[in-house]
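A short worksheet on the structure shown next.
Every number for a ligand or one of its atoms is a count from 1 in the order of the listing.
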Amino acid sequence: MSKSALITGVTGQDGSYLAEWLLGQGYRVYGLVRRSSSPNVDRIRHLLDKITLIPGDLLDDNSLVKALEQSAADEVYNLAAQSFVATSWNQPIFTAEVTGVGVARLLEAIRKVNPKIRMFQASSSEQYGAARTTPQNEETPFHPRSPYAVAKAYAHYITINYRESYGLFACCGISFNHESPRRGLEFVTRKITHAAARIKLGLQSELKLGNLRAVRDWGFAGDYVRGMWSMLQQPQAEEFVFATGECHSVEELVATAFEHAGLDWKQHVVTEASLLRPADVEHLRGDATKAREKLGWRPATPFQQLVHKMVDADLQQVRAEMLAGAARG
Ligand code: NDP
Ligand code: GDP
């Protein structure tokens, strides 16, 4: 019989790409979805007849037990989180509950329902924060710089602790920033590519940004989910870094996106103090040597191609919305 996988966070960016990948590998795919007042399935609409959605929430222990039972999961991918760093200063307790303690709830549910389940935890390069060395790899110490990163660090260590305490096959993939046309609109990449499209099509003229000097190692989300899956196919559970090894500043990102849209970014971008963070992460660059050597994992999408793809998708989406608006009158 085919393997069964449960994805938490299936309605998110990574969840949608992972569901596609696992279906391609022949899995029965289940997705945990939390209740909302209107459906929130835009990223997985094209998969709805192929996957099974199970109601549940990382804040609710019992719903996790039921989801594991219903899916009879062989593998669990924990992608659910309050994932936006800036929000974590406004909602630090909620972020800790979902992004941090939610993982302990899931691990407990796995222990109760079936300790043979293999679990992937989505750790983050934000955990390195004010990193002491560059590039960062599996051995680099963490220095988290936001309530989000602190919650992720807890989630990381509790995952390893359950492996060491109870012998669970549970492991953390430490991913550097990864983006796509499905990225949330508040993250800097998508905020920029969406604004470039709207400015090009005459719907806005200005883009407000915060720290333009910040440097990140940006890859394509579709490449990263392959690594997550590979980790659970290994003979033993261990941590891996996923990164491109290349880094760029927010300013380079904005210049690349606007140039592709045929715009001069300096005419449109203004910096806004309210978008600066209480503590920012200035510079991240990952070293994915271990993933390359042990998993054969390689990112396949260079920076410029990623940004162009996102701008093109946003131009297409904004044009379609304009046409739909005009048709409605
Ligand atoms: P998204 O923000 O796009 O998706 C987050 C998902 O978590 C959504 O499906 C959301 O559901 C769900 N969720 C939020 N709260 C709960 C809850 N209480 N119970 C159940 N589900 C919940 O994130 P990404 O897809 O970009 O990231 C996936 C994971 O990887 C996250 O854990 C993120 O922190 C981590 N990560 C991401 C990186 C990146 O660059 N993308 C880098 C490193 C780590 P809903 O749709 O209802 O809001
Ligand atoms: P993060 O690395 O998970 O925090 O991903 P983001 O895309 O949210 O932010 C990446 C970097 O871009 C951070 O250093 C931000 O301070 C910087 N940045 C600059 N302006 C903005 C902005 O307007 N929005 C966001 N989200 N980030 C910005």
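Contacts between Ser123 and ligand 1 below 4.0 angstrom, taking non-hydrogen atoms only, involve the backbone exclusively. Only side-chain heavy atoms of Arg34 come within less than 4.0 Å of ligand 1; its backbone N, CA, C and O stay farther off. Residue contacts with ligand 1, taken as heavy atom pairs separated by less than 4.0 Å, do not involve Glu126 at all. Residue-level proximity to ligand 1 for Asn40 is carried by the side chain, the only part with a heavy atom below 4.0 angstrom. Contact annotation: for Asp14 versus ligand 1, heavy atoms closer than 4.0 Å belong to both the backbone and the side chain.
Among Gln82, His178, Arg43, the residue whose heavy atom lies nearest to atom 40 (O) of ligand 1 is His178.
The protein non-hydrogen atom at the shortest distance from atom 22 (C) of ligand 1 is Ala80 CB, 3.6 Å. Of the protein's heavy atoms, Gln13 N, 3.0 Å lies nearest to atom 3 (O) of ligand 1. Given atom 33 (C) of ligand 1, the protein heavy atom at minimum distance is Tyr148 OH, 3.7 Å. Looking from atom 29 (C) of ligand 1 to the surrounding protein, the closest heavy atom is Leu79 O, 3.1 Å. Considering only non-hydrogen protein atoms, atom 5 (C) of ligand 1 sits nearest to Ala81 O, 3.8 Å. The shortest contact between atom 18 (N) of ligand 2 and any protein heavy atom is with Val188 CG2, 3.8 Å. Closest to atom 2 (O) of ligand 1 among all protein heavy atoms lies Ser83 OG, 2.6 Å.
Set against the non-hydrogen atoms of Val85, the atoms of ligand 2 under 4.0 Å away are 3 (O), 4 (O). Those atoms of ligand 2 with a heavy atom of Val281 less than 4.0 angstrom away are 14 (O). Taking every non-hydrogen atom of Asn177 and a distance limit under 4.0 Å, the qualifying atoms of ligand 2 come out as 1 (P), 2 (O), 3 (O), 5 (O). For ligand 2 and Asp280, the ligand atoms under 4.0 Å from any heavy atom of the residue are 13 (C), 14 (O), 15 (C), 16 (O).
Proximity of the aromatic rings of Phe240 and Trp297 is defined here by a centroid distance below 6.0 angstrom, and this criterion is not met. In this structure, the ring of Phe176 has its center no less than 6.0 angstrom from the ring center of Phe242.
Annotation: Asn177 places no N or O atom under 3.5 Å from an N or O atom of ligand 1; distance criterion only.
Clustering ILVMFWY residues whenever any of their side-chain heavy atoms sit less than 4.5 angstrom apart, transitively, puts Val311 in the very cluster that holds Val254.
Judged by the 6.0 Å distance and 45° axis criteria, Arg190 is not positioned over the aromatic ring of Phe187. Figure legend: cation-pi geometry between Lys116 and Phe169 absent, as NZ or CZ is not positioned both under 6.0 Å from the six-membered ring centre and within 45° of its axis.
Close to ligand 1: Lys152, with a non-hydrogen atom less than 4.0 angstrom away.
Looking only at atom types and distance, the side chain of Tyr162 has no donor-acceptor partner in the side chain of Glu164 under 3.5 Å away.
Looking at Glu321 and Arg198, no side-chain N of the basic residue comes within less than 4.0 Å of a carboxylate O on the acidic one, giving no salt bridge.
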